[in-house]
Amino acid sequence: MSVQTRSTQDPLWARILLIGGMFGFLCLFLFVPLASVFVEAFRKGLAVYAAAITEENARSAIVLTLTLAAICVPLNAVFGLAAAWAIAKFSFKGKSLLLALIDLPFAVSPVVSGLVYVLLFGANGVFGAWLQAHDIQIIFAVPGMALATIFVTFPFVARELIPLMQAQGNDQEYAALSLGASGWQTFLRVTLPNIKWALFYGIILCNARAMGEFGAVSVVSGHIRGETNTLPLHVEVLYNEYNSAAAFACASILSLLGLLTLGLKTFIEWRAGLRRRNP
Amino acid sequence: MGKKRPRSILPGFGLSLGFTLAYLGLIVLFPLLLVFVKASGLGWSGLLHAVSTPRVLAACRLTFGLSALACLLNCVFGLLIAWVLVRYRFPGRGFLDASVDLPFAMPTAVAGIALTGIYAPNGWIGSLLKPYGIKVAFAPPGILIALVFIGLPFVVRTLQPVLEDFEIAQEEAAASLGATRWQTFCRVVFPQLAPALVTGTTLAFARAVGEYGSVVFIAGNMPGKTEIVPLLIITKLEQYDYAGATALAALMLLISFALLLLINFLQRKTLVRPTT
Amino acid sequence: MSIVVQNLRRTFGTFQALRGINLEIADHQLVALLGPSGSGKTTLLRIIGGLDFPDPGQGKILINGEDVTEEPAADRKAGFVFQHYALFNHLSVFDNVAFGLEVRRRAVRPGKAAIRDRVLELLRLVQLEGLEARLPSELSGGQRQRVALARALAIEPKVLLLDEPFGALDAKVRKDLRRWLRSFHREIGVTTVFVTHDQQEALELADVVVVMNQGQVEQVGSPQQVYDQPATPFLYEFLGDVNKVRKPGRPDLFYVRPHEIRILFAGDAEAEFHAKIEHLFAAGPSARLTLRFQDSRDTLDADITRLQLEEMGLSEGDEVGLKLALSTHG
């Protein structure tokens, strides 16, 4: 514990100044903006709010957002499990390179993440002519948006699981195998229970980003109302139409998602004794 | 020739590694590689031409300049917040600690319109600043605020574990040797936090240069004045200037990779410090 | 300089770490604070060093006759050596030792050359000359310990305080360093207090041993005094091997140390009790017998010389007579 004792305590004025400084900073940058979302959302009353979030385009945006998350999160979770199994349980050449490559999507601008799929599947893209000939739509349609979302949420589950499984080692798996368990039984009954909190943690973060992603999805969506607008894109459209109350109403749903994520994240950190670390 | 000895008695190596490599290759590596292939198709002069127009140069200056400034601000306030959260005990500390991740949990578009709303000339804070002729939203200071917002957690969360593990006995040793509290901080604590501070700040910078969602609303997006590089890429795409967009994307990717290498290097340096 | 502790109390939450400590330490002494973990010895040392403070109004610390109870560590000039040394990881050995001089106010800070001379002299004193450019991570445990000592001495401390000075070292280095510290203390003559849970260390090294238990001082005395005349049952059990047995046919407990038992032939007229050798262990300088009283479930250990063992021709299962020497305690 590194709480200050009397011999290592900062002077009272310094403590007050620093706590005050932090509080002011967090208010200015976090709390006031967050509060403003809800204030603006209800500015024109409950009826307008309800109408804004139940209106047809909003509803289809919500459905699309949920659909994208339902596609991306399971895929990236399976990938995370496979990558963590290969990297943590076996030794092979090029492992550190593989680790660095898995983190790569976090370093790439969301806009570039979307652009790469336009270059692949867009009308002038590598496969553009072929796709057109076979009447397959990827860009400006759900498949392209799913791909872009998968790209930006790619490392979330893997980067939670890999360090944990590396730290846990193989002893329990060896013990299970020596007791006659099959490979699958070992994975399901021994490995999975040991990593369930980290897996859940990764899935929560992956889901939050998948539902909230803006830049990458914006590039590949084509902004077709009622068809390829996710909730964040719908917020943008409403805001640019100066329909501020509706924009903030939809934003408030996304804010609640963010707060829920934060709550679950804090709960898991507390429950599993994890330490807060870098996003 | 005998049968090759298995890598491990655990099964599933081929399957898991195979799937990992295939998925990584298809989703990430192949598309990224394509950017460079396409960009190299433009040739050196084509590339140079695409990225040296006044508009692109202005966007680069703005993006990198403001990102640097934002991460410097985060460096100061991130250190302050990490210090307070780790070292002081006061009511509401747990809540404030959790809320540091807000910029990360909040969708960027929400952050974008919320910040715009309050810093616009008719917003809660913008209207207070307007009489003094200070324009925040739709001007570079607005972009700066958005970049500070999204970068904050990186600095705080990188510093926190290092500060938590810091041996309090070193501070006691400094005190018993006659150092004042300020001397102890400057000569004993800060130098040992510095590597983590640099790592966190670099992470925040890497995030800031690519940021789009939270900036695009508050920026104003005036070409040459308040247009950031990611927005310019989108603009070029919408104008079917694929060559220009690809060239800019390749440039951004190279910078991202360089920053990633730097961060990896810094993190390795931060980790090896032994505790006696 | 002398240290006086008066009626000191310290509470952490509901835990009473120190419950009224009184202690006087004379100038130039080497004093051991000995006790099991949780006995309050480290808390007492930290309060003497100004790193912790007694409950408000509950006790005083005098150094050289001067009340320093409320003086913060930075003003107290107590050289403190921490259990894990707390060396500044980012500073060289030289800069670690120079630290206490360099942070002084300009008016009382020695010049660069003077600091350099003093640091090099101290490093010579602790036998680390030539290592001044190394970082702490490049030193062995014993070397780090001596850097910490030199660093504490650089401020010309009024007293030297060491918290478990050998706790983090392996057995061999521990022994060497113990011997070295003994002669080192003779050389520098600064009043030194060290905390330890190792009785061997305390008895071998200190002029005065202060035994603590549950926040109180159990006994203060020379090593021989506390070993030979333990004041309480706790001390009997804490210091050295001891048998805690009931005499056959009598209800009261008594304590006897293994070397205080005389082994006689079963027929010897001097024998007070009779017992059977249950186990015999003779791999060492002396032989250890585990004995069982007749008609009793109690066993006790006795140490005899290898010579006596051979002369008497004892082996497991033999019947012997016992005579208990010296002190007993009920």
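Numbered from 1 within each chain, the chains take letters A, B, ... in sequence-line order.
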Legend entry - Under 4.5 Å from a heavy atom of chain B, the part of A:N207 involved: neither
Inset, instruction - Counting only heavy atoms closer than 4.5 Å, note whether B:Y242 contacts chain A via side chain, backbone, both or neither. - result: side chain
Inset, instruction - Could you have a look at B:L152, B:L21, B:L231 and say which one has the most heavy-atom pairs with chain A under 4.5 angstrom? - result: B:L152
Legend entry - Test item: B:F19 and A:L81 side chains (from C-beta on) under 4.5 Å apart, heavy atoms: no
Legend entry - Top contributor to chain A interface from B:L261, B:T246, B:T108, B:V110 [non-hydrogen pairs under 4.5 Å]: B:V110
Inset, instruction - I would like to know whether A:L231 and A:L254 meet side-chain contact (heavy atoms from CB on, under 4.5 Å); could you show each step before the answer? - result: CA-CA 8 Å; A:L231 202 51; A:L254 289 168; 3.9 Å; yes
Legend entry - Proximity breakdown for B:V28 and chain A, heavy-atom pairs closer than 4.5 Å: both
Inset, instruction - Identify which part of B:I118 has an atom lying under 4.5 Å from any heavy atom of chain A, answering side chain, backbone, both or neither. - result: side chain
Inset, instruction - Only one of A:S109, A:S113, A:C72 passes side chain to side chain contact (heavy atoms under 4.5 Å, CB included) with A:V152; say which it is. - result: A:S113
Inset, instruction - Side-chain contact test, heavy atoms from C-beta onward, threshold under 4.5 Å: evaluate it for A:L28 versus B:I125 and give yes or no. - result: yes
Inset, instruction - Could you check whether the rings of A:W85 and A:F90 sit parallel, tilted or perpendicular, using 30° and 60° as the cut-offs? - result: perpendicular
Inset, instruction - Go through the atoms of B:F95 and report whether side chain, backbone, both or neither lie under 4.5 Å from a heavy atom of chain A. - result: side chain
Legend entry - Best-contacting candidate, A:T261, A:L115, A:I87, against chain B by heavy atom pairs under 4.5 angstrom: A:L115
Inset, instruction - Return the option, out of A:A82, A:A84, A:G258, with the maximum number of heavy-atom pairs under 4.5 Å with chain B. - result: A:A82
Inset, instruction - Counting only heavy atoms closer than 4.5 Å, note whether A:F187 contacts chain B via side chain, backbone, both or neither. - result: neither
Legend entry - Part of A:L26 within contact of chain B (heavy atom distance under 4.5 Å): side chain
Legend entry - Among B:I255, B:L15, B:T116, residue most engaged with chain A (heavy-atom pairs, under 4.5 Å): B:T116
Inset, instruction - Heavy-atom distances under 4.5 Å only: say whether A:V78 touches chain B with side chain, backbone, both or neither. - result: both
Legend entry - Carboxylate-amine/guanidinium proximity below 4.0 Å for A:R15 and A:D10: no
Legend entry - Interchain contact, A:Y239 with chain B, by part (heavy-atom threshold 4.5 Å): side chain
Legend entry - Separation between CZ of B:R157 and CG of B:L203, rounded to the nearest 0.5 Å: 13.5 Å
Inset, instruction - Using side chain to side chain donor-acceptor pair (under 3.5 Å) as the criterion, list what pairs up with A:R43, not counting sequence neighbours. - result: A:E40
Inset, instruction - Can you measure from CG (B:L147) to CD1 (B:I228) and round to the nearest 0.5 angstrom? - result: 7.5 Å
Inset, instruction - Mind ranking B:G14, B:A249, B:G123 by heavy-atom pairs under 4.5 Å with chain A and telling me who comes out on top? - result: B:A249
Legend entry - Ring center gap for B:F154 and B:F104 short of 6.0 angstrom: no
Inset, instruction - Nearest 0.5 Å please: distance from the CG atom of A:L75 over to the OG1 atom of A:T149. - result: 11.5 Å
Inset, instruction - Specify which of A:Y117, A:F79, A:F23, A:W184 makes the most heavy-atom pairs with chain B at under 4.5 Å. - result: A:F79
Legend entry - Interchain contact, B:L237 with chain A, by part (heavy-atom threshold 4.5 Å): side chain
Legend entry - Sub-4.5 Å side-chain heavy-atom contact between A:F214 and A:V235: no
Inset, instruction - Go through the atoms of B:V156 and report whether side chain, backbone, both or neither lie under 4.5 Å from a heavy atom of chain A. - result: neither
Legend entry - Side chain, backbone, both or neither of B:L260 within contact of chain A (heavy atoms, under 4.5 Å): side chain
Inset, instruction - Please determine, among B:V148, B:L259, B:L85, B:V100, the option with the most heavy-atom pairs under 4.5 Å with chain A. - result: B:V148
Inset, instruction - Against chain A, label B:L10 side chain, backbone, both or neither, depending on which of its atoms sit under 4.5 Å from a heavy atom there. - result: both
Legend entry - Test item: side-chain donor near acceptor, B:Y240 and A:N124, under 3.5 Å: no
Let me have the donor-acceptor pairs involving side chains of residues 98-105 of chain A, under 3.5 Å, with sequence neighbours excluded, atom names and distances please.
{"unit_1": "A:D103", "atom_1": "OD1", "unit_2": "A:R159", "atom_2": "NE", "d": "3.4"}

Legend entry - Contact winner vs chain B - A:N240, A:I19, A:L147, heavy-atom pairs under 4.5 Å: A:I19
Inset, instruction - Measure B:L248 against the heavy atoms of chain A and call it side chain, backbone, both or neither at under 4.5 Å. - result: neither
Inset, instruction - Could you have a look at B:M106, B:E211, B:M252 and say which one has the most heavy-atom pairs with chain A under 4.5 angstrom? - result: B:M106
Inset, instruction - Could you tell me which portion of B:W124 (side chain, backbone, both or neither) has an atom closer than 4.5 angstrom to a non-hydrogen atom of chain A? - result: side chain
Inset, instruction - Against chain B, work out which of A:S36, A:G183, A:A208, A:A14 has the most heavy-atom pairs shorter than 4.5 Å and name it. - result: A:S36
Inset, instruction - Please determine, by modelled atom types, if A:T191 and A:E173 share a side-chain donor-acceptor pair under 3.5 angstrom. - result: yes
Legend entry - Contact origin within B:F185 toward chain A - heavy atom pairs under 4.5 Å: neither
Legend entry - A:F29, part contacting chain B, at a heavy-atom distance under 4.5 Å: both
Legend entry - chain B contact via A:V112 - which portion, at a heavy-atom distance below 4.5 Å: side chain
Inset, instruction - Quick one: pull up CZ in A:F106 and CZ in A:F151 and give me the separation to the nearest 0.5 Å. - result: 11.0 Å
Inset, instruction - Could you tell me the separation between the CZ atom of B:R207 and the OG atom of B:S256, rounded to the nearest 0.5 Å? - result: 12.0 Å
Inset, instruction - Under 4.5 Å, counting heavy-atom pairs only, tell me which of A:L205, A:V37, A:V126, A:L119 racks up the most with chain B. - result: A:L119
